[in-house]
Amino acid sequence: MPWPASPELLTPLAPWFERVRRDLPWRAADLEAPHPDPYAVLVSELMLQQTQVATVVPYFTRWLDEFPDPRALANAEDDAVHKAWEGLGYYRRARFLKATATSVAAEGWPADLAGLAKLPGLGPYTAAAVGAIAFQWPTPALDGNAFRVLARLLLIDGDPKDRAADLRFWLAPALGALGPSRLTQALMELGATVCRPSPACERCPLAGHCAAKLAGRTGEIPPVAKRAKSTSSALWLVAFEAEGHVLLHAPTPKGLLAGLWRWPTFLATVHLPQATAQNPQPTRAWPGWTQVYTHRREALSPLHIVLADRFTPAAGLRWVARGELQGLPLGKRDQRLRDLLDRPGQGPLEAPDPAALIKACAAPSV
DNA sequence: GAAGCGTGGGG
DNA sequence: TCCCCAAGCTT
């Protein structure tokens with residue numbers, strides 16, 4: 001691999017970054033010094049995993065307002081932590097962040113990269129990024145942006161992740177020359193704003209030495225990864241209400257929407273016409289929608305079923321006072337039904353038999 | 001090593 | 001509408 005030395009290729013990043021860099025709330029003014037608040041860097045990096053900057057900014061600001069330091073986060077209730085993360089997605093990041101804050105509050109910050117990498121939720125990229133941005137350690141952080149930029153700059157065929165070790169070694173001199181924090185952030189900023197999957201090479205400070213551009217191959221480097229297939233299902237999404245309470249699944253530790261409260265759902269395999277003579281329970285319905293997750297699509301039909309009395313719920317289900325509903329952490333899907341409850345329903349078109357749903361939610365009778 | 005994990009924006 | 005993607009990590 002006859003790659004030119006990294007400072008030779010990457011030095012133009014510094015003046016470019018100084019000119020165009022976005023003013024982000026976690027970004028230090030002085031990129032030469034260790035960050036004044038490593039915790040802020042940690043929070044930003046966890047939030048930024050698979051999540052765009054514009055989405056993260058308001059969450060970051062509120063988070064630091066509510067949990068200003070590791071101790072505050074370590075002492076927070078799980079529901080409060082998830083509530084502050086509500087809507088951001090990939091909710092186990094919030095639990096990892098709390099676990100890491102607990103470790104830092106008790107034992108202080110790790111002294112090296114290996115120590116950071118042992119913290120919950122910090123993988124190879126995030127540990128290196130925190131090392132470089134918070135502590136100015138010469139730890140090359142390779143995220144999707146950096147891999148894409150370097151794959152094009154150096155004309156790497158195949159998956160650049162397979163060359164991670166070579167790339168980290170190659171980057172070391174540039175980290176020293178430009179400074180770990182500056183180089184790390186400039187490289188990612190270039191990938192996020194210019195060297196995107198569909199690149200804007202006319203704005204790129206490295207275009208003159210970009211091997212992929214010179215070869216006319218930016219469109220095919222790096223190669224696109226194959227997508228995971230996703231499954232589809234049709235579900236009733238049901239708000240049972242009785243005696244001023246609603247029925248919710250309590251948070252679970254694993255799986256989809258873990259850590260959040262959820263409305264009960266039922267496979268919508270059976271569509272029974274609403275027989276008003278035989279179903280005295282008033283049922284409201286609203287137009288449905290499709291909820292999209294990473295590996296799943298749900299065609300949802302929201303229902304509101306009001307009962308005279310509460311039944312004893314099955315394991316994992318709880319009756320929650322309606323007044324407490326607003327304070328519980330819910331995913332987007334379940335927020336949507338919660339908000340529908342305050343709007344007029346359109347009247348049930350077709351709905352399942354409420355008695356069958358109640359049977360599925362009630363504790364088995366002895 | 002592949003699967004699983006949320007949500008929103010853009011082409 | 002559909003597909004791709006976005007500062008990845010854990011199991």
Side-chain angles (χ1 to χ4, degrees), chain A residues 17 21-22 24-27 40-60 82 85-97 99-100 116-134 139-150 159-162 164 181 183-200 219 222-232 252-260 262 289-299 329-336:
Chain A
F17 186 55
R21 72 174 188 157
R22 297 169 286 184
L24 304 175
W26 50 84
R27 209 163 247 178
V41 176
L42 175 75
V43 172
S44 72
E45 287 301 335
L46 267 291
M47 288 187 169
L48 285 164
Q49 288 173 2
Q50 298 289 283
T51 309
Q52 300 189 107
V53 165
T55 303
V56 165
V57 167
Y59 283 89
F60 174 86
H82 287 97
W85 203 274
E86 183 182 66
L88 195 52
Y90 286 154
Y91 296 95
R92 55 177 189 165
R93 294 181 295 170
R95 299 187 289 280
F96 288 145
L97 186 50
T100 286
L116 282 177
K118 287 177 187 162
L119 295 171
L122 278 72
Y125 160 72
T126 306
V130 170
I133 298 171
T139 49
L142 298 176
D143 72 328
N145 289 308
F147 277 120
R148 185 171 56 252
V149 170
L150 298 180
D159 186 351
K161 291 180 175 60
D162 295 338
S181 179
L183 175 60
T184 300
Q185 297 187 68
L187 199 54
M188 291 191 290
E189 189 100 334
L190 185 70
T193 63
V194 175
C195 194
R196 294 165 298 180
S198 179
V224 291
K226 45 195 172 214
R227 288 189 316 117
K229 48 194 167 208
S230 111
T231 60
S232 298
T252 56
K254 293 184 176 184
L256 188 66
L257 303 178
L260 306 181
R262 294 168 291 120
W289 71 92
T290 298
Q291 189 75 30
V292 179
Y293 303 101
T294 305
H295 297 76
R296 199 177 303 196
R297 301 172 68 86
E298 293 177 348
L330 269 51
K332 286 293 182 185
R333 176 194 73 183
D334 299 299
Q335 288 178 41
R336 196 157 167 175

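Within every chain, numbering begins at 1; the chains are lettered A, B, ... in the order of the sequence lines, protein sequences first and strands thereafter. Keep in mind it's a predicted model, so treat the numbers as computed, not measured.
Formation of a donor-acceptor pair under 3.5 Å by the A:R336 side chain with backbone atoms of A:Q291 is not found in this model. Between the A:T51 side chain and the A:Q49 main chain, a donor and an acceptor come within less than 3.5 Å of each other. For A:R297 (side chain) and A:S230 (main-chain N/O), no donor-acceptor pair under 3.5 Å exists by modelled atom type.
One can place CG of A:L46 at 10 Å from C1' of C:dG8, the figure rounded to the nearest angstrom. One atom, CG of A:D143, and another, P of C:dA6, lie 10 Å apart when rounded to the nearest Å. Per the geometry, CG belonging to A:L116 stands 12 Å off P belonging to C:dC9, to the nearest Å. If you measure from atom CG of A:L187 to atom C1' of C:dA7, you get 11 Å, rounded to the nearest angstrom. Taking atom CG on A:L190 and atom P on C:dA7, their separation rounds to 11 Å, with Å as the unit. For the pair A:L142 CG and C:dA7 P, the computed distance is 13 Å after rounding to whole Å. The distance between atom OH of A:Y125 and atom P of C:dC9, rounded to the nearest whole Å, is 8 Å. The nearest whole Å value for the distance from the CG atom in A:L48 to the C1' atom in C:dC5 is 15 Å.
Salt-bridge check for A:E189 with A:R22: passed, with a basic side-chain N closer than 4.0 Å to an acidic carboxylate O.
Among the atoms of the strands shown, only primed sugar atoms or phosphate atoms (P, OP1, OP2) are found under 4.0 Å from some heavy atom of A:V224. Contacts of A:R27 with the nucleic acid, taken as non-hydrogen atoms under 4.0 Å apart, include base atoms. Contacts of A:R22 with the nucleic acid, taken as non-hydrogen atoms under 4.0 Å apart, include base atoms.
For the C1' atoms, the distance linking C:dA7 with B:dA3 amounts to 22 Å, nearest Å. Rounded to the nearest Å, the gap between the C1' atom of C:dC5 and that of B:dC5 is 16 Å. Across the P atoms, B:dG6 and C:dT11 are found 14 Å apart, a figure rounded to whole Å. Between B:dG1 and C:dC9, the distance separating the two C1' atoms is 14 Å to the nearest Å.
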Run the numbers on A:L116 and A:T139 for side chain to side chain contact (heavy atoms under 4.5 Å, CB included), then give the verdict. CA-CA 11 Å; A:L116 282 177; A:T139 49; over 6 Å; no
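Side-chain proximity of A:R297 to the nucleotides C:dC2, C:dG8, C:dA7 is greatest for C:dC2.
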Once each nucleotide of nucleotides 5-11 of chain B is scored for protein heavy atoms under 4.0 Å, what B/S/- sequence comes out, 5' to 3'? BBBS---
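Side-chain N/O atoms of A:R148 include one lying less than 4.0 angstrom from OP1 or OP2 on C:dA6.
With no hydrogens or angles considered, a side-chain donor-acceptor pair links A:R27 and A:Q185 at under 3.5 Å.
A:A141 pairs by the side-chain contact (heavy atoms from CB on, under 4.5 Å) definition with A:Y125, A:A128, A:A129, A:T184, not counting sequence neighbours.
Along DNA chain C, the nucleotide closest to A:E45 and the one closest to A:L122 are compared, and the more 5′ of them pairs with A:E45.
Side-chain atoms of A:V57 and A:W26, non-hydrogen and from C-beta on, do get closer than 4.5 Å to each other.
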